Protein chains: 2
Amino acid sequence: MDDRLDTIFSALSDPTRRAILARLANGKATVAELADPFELSQPAISKHLKVLEQAGLIRSGREANSRPRILEPAALKTIADWVADYRRFWDESFDRLDDYLSKVQGNEND
Amino acid sequence: MDDRLDTIFSALSDPTRRAILARLANGKATVAELADPFELSQPAISKHLKVLEQAGLIRSGREANSRPRILEPAALKTIADWVADYRRFWDESFDRLDDYLSKVQGNEND
DNA sequence: TAGCTATATAGCCAATTAGTTATATTCTAT
DNA sequence: ATAGAATATAACTAATTGGCTATATAGCTA
């Protein structure tokens, strides 16, 4: 699991890659579409996509001639879960609120 | 802000540095204390601490002969806020729940 | 089959990183 | 003032990274 965190955090440490994720939050996109906003070569974008895919942040599809990418949320949740362990340090009401929510959420999901 | 995210994510991509943060979650610690669990040289630890400090994840104190480090939660919150934008992708009930919580939390804080 | 489009891979280079050992700095205590 | 303890900095090295250009691969279309 430590390895997975390494890879995910590392993938997220690049602004180009985060921008690609943000784009994919609007739905799947081809490599060409993802490359368009940047002044980088196509191979550079392909490399970034490979890094994102190896981190499990995106997946590749197959559609006619192109290989559209889609967001893979699980890896992002891994990060969210990791950072949530520190939430009490910035959110003083965390403990009270967290207890409360676990009950509330149970009801909500019925 | 993009720069800050780069630096924070990059700092978090190393398991030694995450372990140091986990240790600091239990309270302040000296460099020697932080170095103790690892088979790394003291300068290596000092380097990791510098990376964490430049990312704003920790701060250095001053106490007699030593320079104890403490956790700095704001940088972690920055990450939590960033990843929260993607929460709807893994948590289907996010929208409903989020609306609900904003009311609940308001009451809680009274 | 030939050519076009979309994407991936290879090979190269410069910058960055994570580690090392050796040394410097800064307090504390004698 | 001197010695020791805690930590930082310097100088070096090997590995990794992010970019490039050139080229290969795969599918579509004529």
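Residue numbers start from 1 in every chain, and the chains themselves are labelled A, B, ... in the order their sequence lines are given, proteins ahead of strands. For clarity, every value in this text was computed on a predicted model and none was experimentally measured.
In this structure, the CD1 atom of B:Ile45 is 12 Å from the C1' atom of D:dT7, given to the nearest Å. Going from atom CZ of B:Phe38 over to atom C1' of C:dT20 covers 18 Å, rounded to whole Å. The nearest whole Å value for the distance from the CZ atom in A:Arg67 to the C1' atom in D:dG27 is 8 Å. In this structure, B:Asp36 places its CG atom 17 Å from P of D:dA5, rounding to the nearest Å. Atoms CG (B:Asp14) and C1' (C:dG19) sit 11 Å apart, rounded to a whole Å. The nearest whole Å value for the distance from the CG atom in B:Leu52 to the C1' atom in D:dA8 is 16 Å. Here the P atom of nucleotide D:dT21 and the CD atom of A:Glu39 are 13 Å apart, to the nearest Å. Atom CZ in A:Phe9 sits roughly 20 Å away from atom C1' in D:dT16 (whole-Å rounding).
Among the protein residues, B:Ser66 comes within range of the sugar-phosphate backbone only, with heavy atoms under 4.0 Å from sugar or phosphate atoms but none that close to a base. At the heavy-atom level, A:Leu40 lies under 4.0 Å from the strands shown only through sugar-phosphate atoms. Within the nucleic acid shown, B:Thr16 has no heavy atom closer than 4.0 Å to any nucleic acid atom.
Between the B:Arg18 side chain and the B:Leu12 main chain, a donor and an acceptor come within less than 3.5 Å of each other. A donor-acceptor distance shorter than 3.5 angstrom exists from the side chain of A:Arg17 to the backbone of A:Ala11, with no hydrogens or angles considered.
The residue among A:Arg69 and A:Lys47 whose nearest nucleotide of DNA chain C is located toward the 5' end is A:Arg69. Comparing A:Glu63 and A:Pro43 by the nucleotide of DNA chain D that holds the closest heavy atom to each, the one mapping nearer the 5' end is A:Pro43.
You'll find a donor-acceptor pair under 3.5 Å spanning the side chain of A:Asn65 and the base of C:dT5, going by distance alone. Side-chain atoms of B:Gln42 stay outside donor-acceptor range of the base of D:dA6, with no qualifying N/O pair under 3.5 Å.
Looking only at atom types and distance, the side chain of A:Gln54 has no donor-acceptor partner in the side chain of A:Thr7 under 3.5 Å away.
At C:dA18, one or more side-chain N or O atoms of B:Arg17 fall inside 4.0 Å of OP1 or OP2 (strictly under the cut-off). Under 4.0 angstrom from either OP1 or OP2 of C:dG19 there lies at least one side-chain N or O belonging to B:His48. Contact between the side-chain N/O atoms of B:Arg62 and the OP1/OP2 oxygens of C:dC27 is found at a separation under 4.0 Å. Distances shorter than 4.0 Å separate none of the side-chain N or O atoms of A:Lys50 from OP1 or OP2 on C:dT7. Phosphate contact (OP1/OP2 of C:dA8, side-chain N/O of A:Ser46, threshold under 4.0 Å): present.
Distances from the side chain of A:Ala32 to the nucleotides C:dT26, C:dA18, C:dT7 place C:dT7 closest.
A:Leu24 and A:Arg69 get closest at one heavy-atom pair: CD2-O, 3.3 Å.
You'll find the side chain of A:Gln42 reaches within 4.5 Å of the side chain of A:Ser46, heavy atoms only.
The aromatic rings of A:Phe9 and A:Trp82 sit perpendicular, their planes meeting at an angle over 60°, well past the 30° parallel limit.
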